[in-house]
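Take a look at the structure set out below.
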Amino acid sequence: MKKVFALIDCNNFYCSCERLFRPELEGQPIVVLSNNDGCVIARSNEVKALGIKMGDPYFKLKDIIAKHRIQVFSSNYALYGDLSHRVMTILQQQEPEVEVYSIDEAFISLPYTPGKLHTDYARYLKRKVKQCVGIPVAIGIGPTKTLAKVANRLAKKIPDHGGVFDITDHGQIDHLLANYDVEDVWGIGCQSANKLRGRGILTARDLRDADDVWLRKKLTVTGLRTAMELRGISCLPLEMVQADKKSIISSKSFGRPVTTLSDMKEAVATYLSTAAEKLRNQGSVAGSIQVFVTTNPFNPNQPQYAKSMTATLPRPSAHTPTLLKAAVRSLEQIYRAGFQYKKAGVMLTDISPHHLQQESLFGPNTTESMELMAAVDQINKKWGRHTVQLGTAGFEKSWQMVQSHKSPAYTTSWSELPIANGAV
DNA sequence: TCTGGGGTCCTAGGACCC
DNA sequence: TCTGGGGTCCTAGGACCC
């Protein structure tokens, strides 16, 4: 049976989440900032209209923010993650085939039907999500994922479409693609766009009609795949089961410069605990662990230093203290005194399923220590992150990130529940 | 003073083998 | 001056995504 893809994409997702509990902000300009209130990662339409770009540093925007009374929020991932889950659940209740592509996007696959049935159904889904969760979405439909992405963008951009657009069987597809900047095509970043422009390929239509041999050579198979998808030949299937992570990173910028090895150890231990918990959560073990530290590359007046080191474990593990020992050994080797460090992180790699791991013939039995880890995870799940943690991770964590405009965890913390009538 | 975090895939090139 | 050919595996780095 012939099928089409639909892409459901939440509109300005983080901003919409913030508005959900502050309805008076409907129609008002809003931005959401990255960790440490560093830069802009979500903008309401009003803010986009002011010319503020994704990734603009917050400190450079203070004037324009004051002038236009833009509401500022620190990112609140507990809130966004929970609302995302609710949106995805609604879609999964309606549809058997859902691919959760990112925190605010999902692909579904629908049986192909001529006429406007796709569009009618998408309008129904859109209403359903709005009604059940309160988050506005746009839906694009096409014969391939890449064309569904194109359609989604057009659904949002052109008000007449009302947030739903089907590009399958569209009579004007040539015209639509000819007015679609090649850099806005899914999978074409600015490097590829530069190469394409150099050859006079400026629009999605040009890319669709470009020469395969040249594309393969300059943009590798991924670029060729994108062109095929624009031709309506589906190369990217719907992926419904989420594959295990092949690498797990935990890394954050510091709230203030870190200048001592002991603070750095606290940070690395804290990040490692987070990564190891994720690792256990997917039932895996890691074979190697990388530690990295860096100064602030945006401050050219300070001496710069960045270094990473990968350690291979004698045998794969998900045991936090074992991983930590290897991480600290690496850290001690790469750490240099006299620098103002801005960021550090750990990356777990060579990940494999725990159940495939071979027990060591002579080494210690790992079952007991993993039971301890399971208990730690359970406690932290129930009572909150870092309720039980490694001593090395520190207690004050004075280097921790700063979030000065954070909204409450309205939906995930009893103590932060919103109050309906306000008469308290 | 202040510029995010977490992922995937692909390729080139080196090391090594016969 | 001239110095094989072919294959695999691993890693670093680039590019992309949200």
Side-chain angles (χ1 to χ4, degrees), chain A residues 7 9-10 12-14 31-42 52-63 65 72-77 80-81 84 99-107 145-146 149 152-153 182-196 215-226 235-236 239 242-257 271 274-275 278-279 282 287-288 290 292 294-302 306 308-310 312 340 342-351 401-405:
Chain A
L7 172 65
D9 188 326
C10 302
N12 310 328
F13 181 53
Y14 298 169
V31 293
V32 176
L33 304 176
S34 64
N35 283 335
N36 273 319
D37 298 339
C39 57
V40 172
I41 55 168
I52 292 178
K53 298 269 178 295
M54 194 78 168
D56 278 354
Y58 174 46
F59 71 92
K60 287 187 183 166
L61 299 174
K62 298 244 159 112
D63 287 348
I65 282 171
V72 176
F73 292 92
S74 304
S75 33
N76 183 346
Y77 288 105
Y80 312 151
S84 169
E99 173 184 343
V100 177
Y101 176 69
S102 74
I103 193 165
D104 68 336
E105 285 171 80
F107 285 102
K145 282 182 165 179
T146 305
K149 274 266 186 187
N152 187 282
R153 195 181 167 91
V182 75
E183 198 169 340
D184 294 333
V185 174
W186 189 40
I188 303 299
C190 88
Q191 299 298 323
S192 303
N194 284 337
K195 284 184 204 166
L196 291 166
L215 279 174
R216 174 69 181 79
K217 195 168 153 206
K218 296 290 181 184
L219 264 59
T220 81
V221 293
T222 41
L224 182 56
R225 204 145 49 202
T226 298
C235 308
L236 303 167
E239 288 172 28
Q242 224 207 330
D244 282 349
K245 302 277 180 246
K246 296 170 182 174
S247 67
I248 294 173
I249 297 175
S250 175
S251 127
K252 271 186 194 60
S253 304
F254 303 128
R256 58 154 175 89
Y271 301 157
T274 306
K278 282 189 197 169
L279 183 69
Q282 71 168 31
S288 19
Q290 185 184 80
F292 56 92
T294 176
T295 52
N296 184 359
F298 292 102
N299 193 340
N301 302 324
Q302 276 172 4
S308 76
M309 185 169 200
T310 306
T312 304
Q340 306 235 319
K342 176 66 183 166
K343 181 175 175 177
V346 300
M347 174 157 74
L348 303 175
T349 51
D350 292 341
I351 289 176
M401 68 174 175
V402 182
Q403 295 193 292
S404 40
H405 305 278

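Both backbone and side-chain heavy atoms feed into the values below; hydrogens, waters and symmetry mates do not. Chain A is the first sequence line, chain B the second, and so forth, proteins listed ahead of strands; every chain is numbered from 1.
Look at CD on A:Glu105: it is 15 Å from C1' on B:dT8, rounded to the nearest Å. As rounded to whole Å, 7 Å separates atom P of B:dG4 from atom NZ of A:Lys343. Per the geometry, CG belonging to A:Leu33 stands 13 Å off P belonging to B:dG5, to the nearest Å. Straight-line distance from the CE atom of A:Met347 to the P atom of C:dA12: 10 Å, rounded to whole Å. Protein atom OH of A:Tyr101 is 12 Å distant from nucleotide atom P of B:dT8, rounded to whole Å. Regarding A:Phe59, its CZ atom lies at a distance of 9 Å from the P atom of B:dT1, rounded to whole Å. Here B:dT3 presents its P atom at 14 Å from CG of A:Asp56, a figure rounded to the nearest Å. Summarising the geometry, the separation between CD on A:Glu239 and C1' on C:dC17 is reported as 13 Å, rounded to the nearest angstrom.
Considering only side-chain atoms of A:Asn35, the nucleotide from B:dG6, C:dC18, B:dG4 that sits closest is B:dG4. The nucleotide whose nearest atom lies closest to any side-chain atom of A:Lys246 is, among B:dC9, C:dC17, B:dG5, B:dC9. Here the nucleotide nearest the side chain of A:Cys39, chosen from B:dG4, B:dG7, B:dG5, is B:dG4. With distances taken from any side-chain atom of A:Lys342 to the nucleotides B:dG4, B:dT11, B:dT3, the minimum falls on B:dT3. With B:dG7, B:dG5, B:dT11 as the choices, the nucleotide that has an atom nearest any side-chain atom of A:Ser253 turns out to be B:dG5. The side chain of A:Ile41 approaches B:dG4 more closely than any other nucleotide in the set B:dG4, B:dT11, B:dG6. Distances were taken from every side-chain heavy atom of A:Lys60 (C-beta onward) to each of B:dT3, C:dC18, B:dC10; the shortest belongs to B:dT3. Here the side chain of A:Pro57 is nearest to one of B:dT3, B:dT11, B:dG6, namely B:dT3.
No engagement by A:Ile103 is indicated, since no non-hydrogen atom pair under 4.0 Å with the nucleic acid exists.
The shortest non-hydrogen separation linking A:Glu239 to A:Glu99 is N-OE1, 2.8 Å. Heavy atoms only, all atoms of each residue included: A:Thr312 and A:Ser288 are closest at CA-CB, 4.0 Å.
Base-pair partner of B:dC18: C:dG5 (Watson-Crick or G-U wobble, both distances under 3.5 Å).
For A:Glu105 and A:Lys149, the salt-bridge test passes: some basic side-chain N is under 4.0 Å from an acidic carboxylate O.
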Worked verdict on A:Ser253 versus A:Met401 for side-chain contact (heavy atoms from CB on, under 4.5 Å) = CA-CA 7 Å; A:Ser253 304; A:Met401 68 174 175; over 6 Å; no
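Closest-nucleotide positions on DNA chain B for A:Asn299 and A:Thr222 were compared, and the one nearer the 5' end corresponds to A:Asn299. Residues A:Ile248 and A:Asn296 each lie close to DNA chain B; by heavy-atom proximity, the contact nearer the 5' end of the strand is made by A:Asn296.
Judged by a 6.0 Å distance limit and a 45° cone about the ring axis, A:Lys60 is not positioned over the six-membered ring of A:Tyr58.
Proximity of a side-chain donor or acceptor of A:Asp37 to a complementary backbone N or O of A:Ser404 within less than 3.5 Å is detected.
For B:dG4, neither phosphate oxygen OP1 nor OP2 lies less than 4.0 angstrom from any side-chain nitrogen or oxygen of A:Ser75.
Atom C1' of C:dG4 sits at a distance of 16 Å from the matching atom of B:dC16, rounded to the whole Å.
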